[in-house]
*Asks:* 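Mind having a look at this structure? Questions to follow.
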Amino acid sequence: MLLQDKVVVVSGVGPGLGRAIAVQSAKAGADVVLASRTESRLTEVAKEITELGRRAVVVPTDINDEAAASNLVETTLSAFGKVDTLVNNAFAIPPIVDLLDVDLDQVRAGFETNVLAALRLTRLFVPALTETKGSVVMINSAVLRHSRRTFGPYKMAKSSLLALAQSLATELGPRGIRVNSVAPGYIWADNLKWYFNYLAQQRGITAEEVYAETAKTIDLRKLPEPDEIADAVVFFASALSRAITGACLDVNGGEYHH
């Protein structure tokens with residue numbers, strides 16, 4: 001029960017990693033505030049959390065909207081009276097296109113959600129996090145560790161998010177607030193399973209063979225699952241990491257070493 005009676009706010013709660021972060025936090029003893037634009041998803045995850053004996057509050061939120069983000073803070077404090085951890089998990093995939101060809105307006109739109117919205121939400125929660133000497137966890141990506149073609153716009157956004165986390169760690173450290181990042185690689189969830197099935201059909205092989213080929217490139221020979229990545233978030237939210245800030249923890253099964 002690493003997060004016994006803590007309050008964790010999770011943005012970008014969907015069926016994959018966002019849900020896992022919320023549920024693993026509840027299993028660790030936390031009450032959870034669930035935020036995303038799709039209320040039906042939030043309600044499903046909230047039911048899982050209440051079945052675990054913890055409280056869940058659903059707050060449909062567009063984090064790009066200042067008023068909606070402010071409402072998330074107000075609703076959280078009204079429900080629980082405090083905040084211990086903010087997890088910035090919401091993101092929008094920028095165009096997977098070479099930088100020489102990408103539409104700059106689409107790059108700007110990606111920065112709005114992936115970077116500026118995270119900054120907005122963090123700033124709004126700072127007064128409450130100061131009271132609890134809490135923490136912020138940014139969900140980053142293994143795209144930090146490579147420069148493959150077409151991933152340039154994505155790497156730009158996530159590299160900026162890492163710089164944001166590190167700079168906030170310096171600014172907020174004197175207030176007792178820690179800011180860290182988790183960088184997943186492959187996440188063995190519905191989206192990736194769909195993609196592997198697609199690749200298998202294109203190549204005339206099985207999805208299991210696509211998985212095996214991919215797993216061969218990873219030290220542990222398996223693709224991380226959402227709960228395994230979420231546990232790293234729980235670690236950063238817990239007192240076990242009380243002397244750690246400005247860090248980025250890669251959770252990729254050994255695909256990249258950093």
*Asks:* Donor-acceptor check, side chain of Thr245 to backbone of Val179, threshold 3.5 angstrom: yes or no?
*Replies:*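 Here the side-chain-to-backbone pair exists.
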
*Asks:* For the pair Ser135 (side chain) and Arg178 (backbone), establish whether a donor and an acceptor sit closer than 3.5 Å, ignoring hydrogens and angles.
*Replies:*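 Not confirmed, Ser135 side chain does not pair with Arg178 backbone.
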
*Asks:* Test Leu161 against every option in Asn114, Leu144, Asn140 by the side chain to side chain contact (heavy atoms under 4.5 Å, CB included) rule and name the one that passes.
*Replies:*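 Among Asn114, Leu144, Asn140, the one that satisfies the side chain to side chain contact (heavy atoms under 4.5 Å, CB included) with Leu161 is Asn140.
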
*Asks:* For His146, does its backbone N or O pair with a side-chain atom of Lys155 as donor and acceptor, under 3.5 Å?
*Replies:*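 Checking the backbone N and O of His146 against the side chain of Lys155, a donor-acceptor pair under 3.5 Å is found.
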
*Asks:* Okay, side chain of Arg120, backbone of Ile63: is any donor-acceptor separation there less than 3.5 Å?
*Replies:*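 Present.
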
*Asks:* Which atoms form the tightest heavy-atom contact between Asp227 and Arg19, and what is the distance?
*Replies:*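 Nearest pair, atom of Asp227 first, then Arg19: OD1-NH1, 4.3 Å.
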
*Asks:* If you measure from the Lys or Arg side-chain nitrogens to the Asp or Glu carboxylate oxygens, is any gap between Arg54 and Asp5 under 4.0 Å?
*Replies:*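 Salt bridge flag = yes for Asp5 with Arg54.
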
*Asks:* Between Ser160 and Met156, is there a donor-acceptor pair closer than 3.5 Å when you use the side chain of the first and the backbone of the second?
*Replies:*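 No: the side chain of Ser160 does not pair with the backbone of Met156.
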
*Asks:* Between Arg55 and Ile49, which heavy-atom pair has the shortest distance, and what is it?
*Replies:*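 In this case the closest contact between Arg55 and Ile49 is O-CG2, 3.8 Å.
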
*Asks:* Answer yes or no: is there a donor N or O on one side and an acceptor on the other, between the side chain of Ser181 and the main chain of Leu162, under 3.5 Å?
*Replies:*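 Side chain of Ser181 to backbone of Leu162: no pair is present.
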
*Asks:* Indicate yes or no for a side-chain donor-acceptor contact from Asn89 to the backbone of Ile139 under 3.5 Å, with no hydrogens or angles considered.
*Replies:*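 No; judged by distance alone, with no hydrogens or angles, the pair does not exist.
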
*Asks:* With a 3.5 Å cut-off and no angle check, do the side chains of Thr122 and Asn88 form a donor-acceptor pair?
*Replies:*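 Thr122 vs Asn88: donor-acceptor pair found between side chains.
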
*Asks:* Check whether the side chains of Thr85 and Lys6 place a donor and an acceptor atom closer than 3.5 Å, and report yes or no.
*Replies:*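 Thr85 vs Lys6: no donor-acceptor pair found between side chains.
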
*Asks:* Could you check whether any side-chain N or O of Tyr256 sits under 3.5 Å from a backbone N or O of Gly185, counting only pairs where one atom can act as donor and the other as acceptor?
*Replies:*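 Flag not set: sc Tyr256 to bb Gly185 has no pair under 3.5 Å.
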
*Asks:* Test your reading of the model: is there a side-chain donor-acceptor pair from Asn197 to the backbone of Lys193, 3.5 Å cut-off?
*Replies:*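 Judged by distance alone, yes, a pair lies under 3.5 Å.
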
*Asks:* Applying the 4.5 Å side-chain criterion to the ILVMFWY set and letting contacts propagate, would Leu129 and Val234 be lumped into a single cluster?
*Replies:*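 In one cluster: no.
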
*Asks:* State, to 0.1 Å, how close Lys27 and Leu52 come at their nearest heavy-atom pair, and which atoms those are.
*Replies:*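 The pair with the smallest heavy-atom distance is CG-CD1, 3.8 Å.
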
*Asks:* Which residue is it: Ser25, Ser241, Ser238? I am looking for the one with a side chain to side chain contact (heavy atoms under 4.5 Å, CB included) to Leu2.
*Replies:*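 Single side chain to side chain contact (heavy atoms under 4.5 Å, CB included) partner of Leu2 among Ser25, Ser241, Ser238: Ser238.
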
*Asks:* Answer yes or no: does atom CZ of Arg123 have more than 12 heavy-atom neighbours from other residues, nucleotides or ligands under 6.0 Å?
*Replies:*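 12 or below, so no.
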
*Asks:* Ignoring hydrogens, what is the shortest heavy-atom contact between Pro226 and Ile187? Give both atom names and the distance.
*Replies:*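 Looking at all heavy atoms of both residues, the shortest contact is CG-CG2, 3.9 Å.
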
